[in-house]
Amino acid sequence: MAKTWFVTRHPGALAWAERRKIQVDERVDHLDVTAVRPGDTVIGTLPVHLAGEVCARGGRYLHLSLDIPAELRGRELSADDLERCNARLEAFRVLREEHRKPATE
């Protein structure tokens, strides 16, 4: 059975998700990508290499996107702050490109 993960360690993000009635099966501070199964959904603000691994494993990645002004960067945000920063979930498909050796002549 597919599972929805929410990867966050921020109380404001959790409160925002509750307000939006986003259904989550498991909330984790850090994602062990080996636990992601095909059909799972992962919500969070993952580094791109982890988002790519989620997609490579057949999972769906929903990024918690914010339009955050410079003065709020690095601060713990409340659910109200997230609302003011236009918090939203956006689906991304991330695909790792293989390194290519330069063509030799």
Side-chain angles (χ1 to χ4, degrees):
M1 183 170 170
K3 180 188 263 190
T4 298
W5 303 80
F6 189 18
V7 185
T8 187
R9 57 183 172 79
H10 300 286
L14 290 172
W16 176 84
E18 288 175 12
R19 283 184 186 176
R20 296 292 180 108
K21 302 191 182 328
I22 296 170
Q23 300 294 314
V24 173
D25 298 306
E26 190 163 347
R27 202 252 343 137
V28 294
D29 289 348
H30 301 281
L31 180 67
D32 174 2
V33 292
T34 64
V36 175
R37 302 286 179 241
D40 284 0
T41 297
V42 176
I43 300 169
T45 53
L46 299 182
V48 70
H49 69 288
L50 293 180
E53 187 64 29
V54 167
C55 296
R57 292 178 163 277
R60 182 174 187 228
Y61 177 58
L62 299 179
H63 188 78
L64 175 54
S65 298
L66 300 170
D67 300 325
I68 188 165
E71 65 270 15
L72 291 181
R73 292 182 194 266
R75 295 177 54 185
E76 188 66 35
L77 302 178
S78 68
D80 289 338
D81 292 332
L82 269 71
E83 294 288 351
R84 284 190 288 275
C85 293
N86 189 29
R88 62 206 177 273
L89 297 180
E90 297 181 302
F92 285 87
R93 277 186 248 162
V94 181
L95 177 64
R96 179 191 319 255
E97 288 190 15
E98 298 300 322
H99 274 295
R100 293 184 183 183
K101 292 183 179 179
T104 56
E105 297 181 75

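In what follows, residues are counted from 1 in the order of the sequence shown. In what follows, every heavy atom counts, from backbone to side chain, and hydrogens, waters and symmetry copies are set aside.
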Supply the atom-to-atom distance [X] [atom1] to [Y] [atom2], rounded to the nearest 0.5 angstrom.
X: Leu50; Y: Asp32; atom1: CG; atom2: CG; result: 10.0 Å
X: Leu46; Y: Trp5; atom1: CG; atom2: CH2; result: 12.0 Å
X: Leu82; Y: Leu72; atom1: CG; atom2: CG; result: 10.0 Å
X: Thr45; Y: Tyr61; atom1: OG1; atom2: OH; result: 6.0 Å
X: Lys3; Y: Glu26; atom1: NZ; atom2: CD; result: 4.0 Å
X: Arg84; Y: Ile68; atom1: CZ; atom2: CD1; result: 11.5 Å

Minimum-distance pair of heavy atoms, taken over all atoms of [X] and [Y]:
X: Glu71; Y: Arg75; answer: O-CD, 3.5 Å
X: Asp80; Y: Arg19; answer: OD1-NH2, 2.7 Å
X: Asp40; Y: Ala2; answer: OD1-CA, 3.5 Å
X: Gln23; Y: Thr4; answer: O-CG2, 3.5 Å

Does [X] reach the side chain of [Y], with side-chain heavy atoms less than 4.5 Å apart?
X: Leu64; Y: Trp16; result: yes
X: Arg37; Y: Met1; result: no
X: Ile22; Y: Phe6; result: no
X: Pro69; Y: Cys85; result: yes
X: Thr34; Y: Glu53; result: no

Quick one: salt bridge (charged side-chain N to carboxylate O under 4.0 Å, His left out) partners of [X], sequence neighbours excluded?
X: Arg88; result: Asp67, Glu90
X: Asp25; result: none
X: Arg27; result: Asp29

Problem set entry | Neighbour count >12 (heavy atoms, 6.0 Å) for atom CZ, Arg96 |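 No, CZ of Arg96 has 12 or fewer neighbouring heavy atoms, counting only those of other groups under 6.0 Å.
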
Exercise. How about Arg73: does its CZ atom have over 12 heavy atoms from other parts shown lying under 6.0 Å from it?
Worked result: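 Correct, the count exceeds 12.
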
Do you reckon [X] sits in the same ILVMFWY cluster as [Y], going by side-chain contacts under 4.5 Å, direct or chained?
X: Val24; Y: Val28; value: no
X: Leu77; Y: Leu89; value: yes
X: Val48; Y: Leu62; value: no

Exercise. Taking Arg60 for the side chain and Ala91 for the main chain, is one N or O donor matched with an acceptor at less than 3.5 Å?
Worked result: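 No, Arg60 side chain to Ala91 backbone: no donor-acceptor pair under 3.5 Å.
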
Problem set entry | Test: Glu76 and Arg9 ion pair at under 4.0 Å |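 No.
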
Exercise. According to the interplanar angle, ranging from 0 to 90°, do the rings of Phe92 and His63 count as parallel (below 30°), tilted (30 to 60°) or perpendicular (above 60°)?
Worked result: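 Perpendicular.
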
